[in-house]
Number of protein chains: 2
Amino acid sequence: MSDLLTVAKLAGVSRATAARAFSDPQLLRPDTLEKVLAASAQLGFRPNHIARQLRTQHSTTFGVLLPSLLNPVFSLQLQAMERRARDAGYGLLVATSDYQPEREAAIVEHMLRQRVAGLVLTVADADNSAVLPTLEEAALPFVLAHNVPQQASWPAVCVDNRAAMREATQQLLTLGHRQIAMVAGPMLQSDRARLRYQGYCDALQQAATPPLPVIEMASHTAACFDRLAPLLQGATPLTAVICTNDLLAISLMGDAARAGVAVPQQLSIMGFDGIDIGTRLAPSLASVAQPAGELGHHAIEMLLHPVSRGLRVLPHQLRNGASIAAPAFIATPGNPHETA
Amino acid sequence: MSDLLTVAKLAGVSRATAARAFSDPQLLRPDTLEKVLAASAQLGFRPNHIARQLRTQHSTTFGVLLPSLLNPVFSLQLQAMERRARDAGYGLLVATSDYQPEREAAIVEHMLRQRVAGLVLTVADADNSAVLPTLEEAALPFVLAHNVPQQASWPAVCVDNRAAMREATQQLLTLGHRQIAMVAGPMLQSDRARLRYQGYCDALQQAATPPLPVIEMASHTAACFDRLAPLLQGATPLTAVICTNDLLAISLMGDAARAGVAVPQQLSIMGFDGIDIGTRLAPSLASVAQPAGELGHHAIEMLLHPVSRGLRVLPHQLRNGASIAAPAFIATPGNPHETA
DNA sequence: TTGTACGCGTTATCAT
DNA sequence: ATGATAACGCGTACAA
């Protein structure tokens, strides 16, 4: 690919003049500008952003480190980030870590060597992550997404996971449920998982109901109903579960139907994230909606405007759905919802 | 951030030696290598990939241009591409076009200026795309994903959309359906939409059944049941629909249930893509599964190994599901599947 | 094995 | 308004 010097020669000007045609066109006389543009068009010249970045010491690429793209929450967020970044003239270098710290470290190292202008990242555990101090040492501007740093005060954009899960659990309690379990994917050591379980416990303790241990699934994207089935039997059967993401909840709804367990009559199922598809199902999925697009938008915004960095907590929203109802077989005074 | 010269000084070697410690370590004596590494660690030095790229004229970043990330087919493909690329030491610059040619052009221009080493892209219509000749002129290696160029012979990896849709339609015909409609998102002018409709027509004509016009929805991610409801009435009601992607199908399943239309008894619904979540639903979604991960893997592979470029057609797979069954109210000789 | 010196394509400074 | 030139950080022929 041709360079500025070649363009300059063809246009009969100096390289500096040719350069100005792209970096500061209004500095040139209209006719010389046109000469340069004609020459560059003829040669198929395109400014080399790599050379520009080396010279100006300023990149127009942001890095993005996400755990996965299989959860629509992340892909929606990514799409929003890409739009916002592109509108500001930035591109996005994207990588996924699958929550593995080694991968997180390798990716961050790659981003640093690429000299990205900033990094939006979601790590397993913000308070025990090796990469955040690394980023700070390297003076690379970054914004945590979803993570909620408790100890350190890293810039972050998130929802109040604890309150969100508390409210969701309260909603189930209000419906009359007392045997409510929380279903989670792997990575219980993640900061969000901890906060959500705390929120779950908050609500139950407030209702003087003992919390149950987390039911941990092997996958983030699909639950295993066999883990749940035994708990639906016995003297105190589970009447409601709340999942830490919607994919788990949706797969449970399907499995329950296949197992002959009626949702919501026999088992109420609630999700977390509020992905779009949940609203399309029958029964529709009750969930805690996170503003994933907004979250992405804000993350990029915080990189673009350094002054705006800090902790930004976005509002979540309880989304009702037909996947939850009052428990059957249990007469709630004034609310007789028994089905059998 | 410090540079090689600083490292060299601290290590007591020349800048070239320091450089070799990173570009070609085995050229150095073990003790000098160690000296350099110690110095660079002390300074927090990281090789500048931008400078390296300018010098070597070789990038380790691939560009990726996708229509959207809201369809799991694309996000799964992207995740697979990222893994494969990273294993080879490459990063991914990701952008989405929403099928808009202007956005496609702007993104390609951006990628060219960034001097990416190659580009994986999905365009609206490969045979009428302005960007592909641009890429060829610029001599940027690229691979089309999903697109099926008919006229030109661009490198591409895809499934046989026409055959896939023909087989899916045939399956519905075999079940006894005669009133089968195809439901599509916007962008009917896309190459894949055309091919899939052709496949649909192929199957119907082979069965001496007149094809119906495409039912076009306003969104790629959710169908509008109101467009369908009228066609379920009358003398020749629709008994089956096949959607051009699973999200449309899933939303139709939910809407049908809410409208009191039994799936599959009154209406069989089939999808296309084979996204994972379809298998979790009740009823499970019958679909034509595309190997999205494999497709992404191959696309990167084709960029990494120029000799392997060309047209690569991946196998699709008919996935059965509980969302389709023999039509009710219609006696198929030897197959009396009536429910009423 | 290590050092010297040039150039990758651009922008910024200074001069004209 | 335009031109000459240095510098961004690095890889690599070539020399030692």
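In what follows, chains are A, B, ... by sequence order, proteins preceding strands, each numbered from 1. The model shown is predicted, which means the values in this text are computed figures rather than measured ones.
- Residue Met1(A) contributes atom CE, which lies 11 Å from atom P of dG9(C) at whole-angstrom precision.
- Distances were taken from every side-chain heavy atom of Ala19(B) (C-beta onward) to each of dT12(D), dG3(C), dT2(C); the shortest belongs to dT12(D).
- Side chain of Asn48(B) to main chain of Ala51(B): a donor-acceptor pair is present (N/O by atom type, distance under 3.5 Å, no hydrogens or angles).
- Checking dG9(C), dT11(C), dT2(C) against every side-chain atom of Ser23(A), the shortest atom distance belongs to dT11(C).
- Listed for the Glu104(A) side chain is no donor-acceptor partner under 3.5 Å among the backbone atoms of Ser97(A).
- The side chain of Ala16(A) approaches dA4(D) more closely than any other nucleotide in the set dA4(D), dA5(C), dG9(D).
- Within 6.0 Å of the CD atom in Glu34(B), the count of heavy atoms belonging to other residues, nucleotides or ligands does not exceed 12.
- Comment: Arg15(A) does not engage Asp3(A) in a salt bridge, judged by the lack of any side-chain N to carboxylate O separation of less than 4.0 angstrom.
- For Lys9(A) and dA4(D), the NZ to C1' distance is 15 Å, given to the nearest whole Å.
- Summarising the geometry, the separation between CG on Asp24(B) and C1' on dT12(D) is reported as 10 Å, rounded to the nearest angstrom.
- Per the geometry, CZ belonging to Arg113(B) stands 14 Å off C1' belonging to dG9(C), to the nearest Å.
- For the OP1/OP2 pair of dG3(C) and a distance below 4.0 Å, the side-chain nitrogens and oxygens of Ser14(B) include at least one atom meeting the criterion.
- Straight-line distance from the CG atom of Asp31(A) to the C1' atom of dA1(D): 10 Å, rounded to whole Å.
- Residue Ile50(A) is out of contact with every strand shown, counting any heavy-atom pair closer than 4.0 Å.
- Considering only heavy atoms from C-beta on, Arg192(B) stays 4.5 Å or farther from Met187(B) through its side chain.
- Regarding Leu5(A), its CG atom lies at a distance of 12 Å from the C1' atom of dA4(D), rounded to whole Å.
- When rounded to the nearest whole Å, the span between CZ of Phe22(A) and P of dG9(C) equals 15 Å.
- Nearest nucleotide to the side chain of Val13(B), out of dT10(C), dC10(D), dG3(C): dG3(C).
- One finds a side-chain N or O of Thr17(B) lying less than 4.0 angstrom from the OP1 or OP2 phosphate oxygen of dG3(C).
- Here Gln57(B) reaches the OP1 or OP2 of dG9(C): one of its side-chain N or O atoms lies under 4.0 Å away.
- Atom CD of Glu102(B) is surrounded by more than 12 heavy atoms from other residues, nucleotides or ligands within 6.0 Å.
- Aromatic ring orientation, His58(A) versus Tyr90(A): perpendicular (interplanar angle above 60°, classes split at 30° and 60°).
- A 4.5 Å side-chain heavy-atom check between Gln42(A) and Val7(A) finds every atom pair outside the cut-off.
- At the heavy-atom level, Leu54(A) lies under 4.0 Å from base atoms of the strands shown.
- With hydrogens and angles ignored, a donor-acceptor pair under 3.5 angstrom links the side chain of Arg20(B) to the base of dG3(C).
- Between Arg15(A) atom CZ and dG9(C) atom C1' the separation is 8 Å, expressed in whole Å.
- Side chain Arg55(A) to base dT11(C): a donor-acceptor pair is found below 3.5 Å.
- If one axis is set at each end of the helix from dT1(C)-dA16(D) to dT16(C)-dA1(D) from five pairs, those axes are 30° apart, to 10°.
- Distances shorter than 4.0 Å separate some side-chain N or O of Thr32(A) from OP1 or OP2 on dT2(D).
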